[in-house]
Amino acid sequence: LTRGLYGKGRNSLIAGLLATSIFFLVMGKPAEMLYWPTAAFVYTIGYLPFGLFIFCCAAIGEKKGKSDSGFVLLGALSALMATGVSEIQSVVLPVVGVALLFCATAKYRGWWVVGTAAFVGLGFNVLVPGGHERKLRGGVDFDLLDVTSDMVVYGLRFVIPLYLILVLVTLHPSIRQWIAELGEQGIRRITRRGAHFVTFSVFTYPFLVYAVISLSQGAVASGRTINLALFLCITTWPIVLIVVKDRWSWHRLSIPFLIRNVLSALGFVAVLTMNLPGYISDLVTGRAADAMEIAHTRDHLLENAPNYTQVLLPPIPDPPRSIMINQITTDPENWINVCTALAWKVKSVRLDP
């Protein structure tokens, strides 16, 4: 992603390393958010049709209406496939569709077909019967006010702390100069118009995610749906900084050098104290290794249990913060216990008190 935005130079490589490091250090609920990109293949597989959709859009743009009916059809089908896989693609694809219609130099019907398919896929994701059934079981009723509230409240809770940390770190003159140079380098690649669109997209994307999840499932988005938003906000920060800097004059405010350095140091402290102590503690104390050993023991017990029997599993006394462990409880009627029992074809599953 950083190579695509900033080129193949040394600065791009450094930006990629920094973006990835900050991503791991500031994410909320590391155990849950690290679990999804490593284990949820059924969700990450959606990037294949999503990539195919982007390829078709690029091909349509190059041909500009000349014998591109095959790409239009393939782009529409891949849009429908991608939105059926996860909520991430269901949000991104319509945004791409709007960008296509907005930026298209020729009023060609192919753009409308592809863009419409993306919105139809979004409708499928929002109105899917499984999501409705989930809301009914959870006692969640549709309420537009609640959806709007989730979108605004949780969206602000996501973007404000993240951008506040990035702003604080960037206050150091040397860091700000390097970030600004990287941002200008990126803008030269994607144009000023593209930079404005990127800034608008990465800022609004978290709000759209919260709105779609709240609308379709009656739940607050986390894990797999927030990972991409978090990574995009961090990676595009140099471009966003330049766009904001050119738009508003707040950057001209005079802040003493010492205060800038102190605030920048506070930003670094915030980055290093959010998740790093938990990662180190999980490794040094052996908490992570012990939890994984118990998890493997659980799997072994379930694999060797006769069909339709009651299975008692050993508890994890001190769960790690950075590893997602199946949250089985002592209540066999708990939904996680019930799903685990169905998956392993046993009568019931619960923790051994």
query: Linking I/L/V/M/F/W/Y whenever their side-chain heavy atoms sit closer than 4.5 Å, directly or via other members, would Val271 and Phe24 fall into one cluster?
result: yes
message: For the backbone of Ala31 and the side chain of Ser322, can you confirm whether one donor and one acceptor N or O come within less than 3.5 Å of each other?
response: no
task: May I ask you to test the Phe231-Thr20 pair for a side-chain heavy-atom distance under 4.5 Å?
output: yes
query: Is the closest side-chain heavy-atom distance between Leu301 and Leu312 below 4.5 Å?
result: no
Just list the side-chain donor-acceptor pairs under 3.5 Å for residues 1-10, sequence neighbours left out, or say none.
| from | atom 1 | to | atom 2 | distance (Å) |
| --- | --- | --- | --- | --- |
| Thr2 | OG1 | Ser12 | O | 3.4 |
| Tyr6 | OH | Thr235 | O | 2.7 |

message: Set out, in order, the CA-CA distance, both residues' side-chain angles and the distance that settles salt bridge (Lys or Arg N to Asp or Glu O under 4.0 Å) for Lys345 and Glu303, then state yes or no.
response: CA-CA 10 Å; Lys345 296 181 180 180; Glu303 287 175 357; over 6 Å; no
task: Determine the interplanar angle of the Phe50 and Phe53 rings, folded into 0 to 90°, and report it as parallel if under 30°, tilted if 30 to 60°, perpendicular if over 60°.
output: parallel
- prompt: Where the side chain of Thr170 meets the backbone of Leu166, is there a donor-acceptor pair that is under 3.5 Å apart?
  reply: yes
- prompt: Can Ile259 be reached from Leu168 by stepping across I, L, V, M, F, W or Y side chains whose heavy atoms are under 4.5 Å apart?
  reply: yes
query: For the atom pair CD1 (Ile328) and CD1 (Ile336), what is the distance rounded to the nearest 0.5 Å?
result: 8.0 Å
Rounded distance [0.5 Å steps], CZ in Phe158 versus SG in Cys233: 5.0 Å
- request: Please check if Leu272 and Trp237 belong to a single hydrophobic cluster, counting links between Ile, Leu, Val, Met, Phe, Trp and Tyr side chain heavy atoms closer than 4.5 Å.
  value: yes
- prompt: Do Leu13 and Ile179 share a hydrophobic cluster (ILVMFWY, side-chain heavy atoms under 4.5 Å, transitive)?
  reply: no
task: Using the rule that two of Ile, Leu, Val, Met, Phe, Trp, Tyr join whenever any of their side-chain heavy atoms come within less than 4.5 Å, decide whether Met274 and Leu283 are in one cluster.
output: no
message: Distance check, rounded to the nearest 0.5 Å: Gln185 atom CD versus Ile190 atom CD1?
response: 11.5 Å
Check: His172 and Asn261 side chains under 4.5 Å, non-hydrogen atoms: yes
- prompt: Is a side-chain donor or acceptor of Thr236 paired with a backbone partner of Ile239 at a separation under 3.5 angstrom?
  reply: no
task: Only counting residues at least two apart or in another chain, list the ones meeting salt bridge (charged side-chain N to carboxylate O under 4.0 Å, His left out) with Asp318.
output: Arg287
message: Quick check: do Ile294 and Pro317 have side-chain heavy atoms less than 4.5 Å from each other?
response: yes
- prompt: Parallel, tilted or perpendicular: which describes the rings of Tyr163 and Phe203, with under 30° parallel and over 60° perpendicular?
  reply: tilted
Nearest-0.5 Å distance that lies between atom OG1 in Thr330 and atom CG in Asn337: 8.0 Å
message: Could you check whether any side-chain heavy atom of Leu156 comes within less than 4.5 Å of a side-chain heavy atom of Phe207, counting everything from C-beta outward?
response: yes
field: Any side-chain heavy-atom pair of Tyr279 and Arg321 under 4.5 Å
entry: no
query: Going by heavy atoms in the side chains, are Leu230 and Val26 under 4.5 Å from each other?
result: yes
message: A side-chain contact here means heavy atoms from C-beta on lying under 4.5 Å apart; do Leu48 and Met81 qualify?
response: no
